[in-house]
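Below is one structure, written out as structure tokens; the observations come after it.
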Amino acid sequence: MPHTKYTRDNLATALREHGINPTHQRIEIAHAIFSHGGHLSADRILACVNGRAAETSKATVYNTLSLFLKQRLIRQVIVDPSKVFYDANTEPHHHFYHVESGELTDIDARAIRVSGLPPLPRGMSADGIDIIVRIRSTSST
């Protein structure tokens with residue numbers, strides 16, 4: 001839903017369009033993700049949702065995120081096993097990960113060229129390529 005003002009009504013419509021029943025908690029979780037405009041961890045999503053005085057459990061957030069992923073409403077970006085972000089931008093793109101600040105930012109897919117892939121196992125096709133460029137501040141000495 002690029003370039004959209006996110007309301008709970010249009011998010012409910014978007015959930016339906018992705019085959020997801022728009023319950024109150026799912027709408028609140030979607031609103032936290034899409035209105036933020038960035039990359040959020042599950043804990044940050046939980047804090048955003050419960051900051052509105054909702055009573056949403058961590059399990060509900062994780063189950064809803066799994067559903068959103070399955071229905072391709074969001075992308076999952078795994079920086080390392082302990083750092084997982086959820087991204088509302090499902091268009092092809094890559095990421096810079098600032099290792100000192102933990103900030104994740106988008107890289108336009110056209111800015112990176114992949115010249116080839118190894119042969120895929122029989123019966124498999126590539127579903128996507130995710131490139132994470134880890135960056136850190138240079139010290140001026």
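Predicted model only: the values in this text are computed from it and were never measured. Any value given below was found using the heavy atoms of this structure, including those in side chains, with hydrogens, waters and symmetry copies removed. Residues take their numbers from the sequence shown, with the count starting at 1.
Across all non-hydrogen atoms, the minimal contact from Thr90 to Arg75 is CA-CD, 3.8 Å. When all heavy atoms of Cys48 and Ala32 are compared, the closest pair comes out as CB-CB, 3.8 Å.
In this structure, Tyr86 and Phe68 have side chains that are not in contact, with every pair of non-hydrogen atoms separated by 4.5 Å or more. Considering only heavy atoms from C-beta on, Ile107 comes within 4.5 Å of Ile112 through its side chain. Residues Asp43 and Lys58 have side chains in contact (heavy-atom distance under 4.5 Å, counting atoms from C-beta outward). No side-chain heavy atom of Thr56 sits less than 4.5 Å from a side-chain heavy atom of Thr64. Using a 4.5 Å heavy-atom cutoff, the side chains of Leu40 and Asp87 are not in contact. Proximity of Val84 to Val77: side-chain heavy atoms (C-beta onward) are nowhere separated by under 4.5 Å. Between His24 and Arg8 the shortest side-chain heavy-atom distance does not fall below 4.5 Å. At least one side-chain heavy atom of Tyr97 sits less than 4.5 Å from a side-chain heavy atom of Lys83.
Ile131 and Leu104 are not part of a single hydrophobic cluster, where members link through side-chain heavy atoms under 4.5 Å apart. Ile78 and Phe85 fall into different hydrophobic clusters, defined by Ile, Leu, Val, Met, Phe, Trp and Tyr side-chain heavy atoms under 4.5 Å apart, directly or through other members. Placement of Met124 and Val114 in two distinct hydrophobic clusters is found when ILVMFWY residues are connected by side-chain heavy-atom separations under 4.5 Å, directly or transitively. Note on Leu65: it clusters hydrophobically with Ile27, by side-chain heavy-atom contacts below 4.5 Å among ILVMFWY residues. Linking Ile, Leu, Val, Met, Phe, Trp and Tyr whenever their side-chain heavy atoms come within less than 4.5 Å leaves Leu120 and Ile129 in two separate clusters.
For His36 (side chain) and Gly38 (main-chain N/O), a donor-acceptor pair under 3.5 Å exists by modelled atom type. Listed for the Glu28 side chain is no donor-acceptor partner under 3.5 Å among the backbone atoms of Val49. Judged by distance alone, with hydrogens and angles left aside, the side-chain atoms of Arg26 form no donor-acceptor pair with the main-chain N or O of Leu15 at under 3.5 Å. A donor-acceptor pair under 3.5 Å is absent between the side-chain atoms of Arg16 and the main chain of Leu11, judged by distance alone.
With sequence neighbours excluded, the residues forming a ring-ring contact (aromatic ring centres under 6.0 Å, His included) with His95 are His39, His93, listed by chain and number.
Results of the side chain to side chain contact (heavy atoms under 4.5 Å, CB included) test with Phe34 over Ile74, Thr7, Asn89 single out Ile74 as the only residue that passes.
Distance check, rounded to the nearest 0.5 Å: CD1 of Ile20 to CD of Glu17 gives 11.0 Å. To the nearest 0.5 Å, the span separating CD1 on Ile29 from OG1 on Thr60 amounts to 6.5 Å. We find the CZ-OG distance between Arg136 and Ser101 to be 11.0 Å, quoted to the nearest 0.5 Å. Atoms CZ and CD1, on Arg44 and Ile33 in that order, are 12.5 Å from each other to the nearest 0.5 Å.
Pairs of residues two or more places apart, or lying in two chains, that qualify as side-chain hydrogen bond (donor to acceptor under 3.5 Å, both in side chains) and include a residue from residues 115-128 are Arg72-Asp127.
In this structure, a donor-acceptor pair under 3.5 Å is present between the side chains of Glu100 and Ser137.
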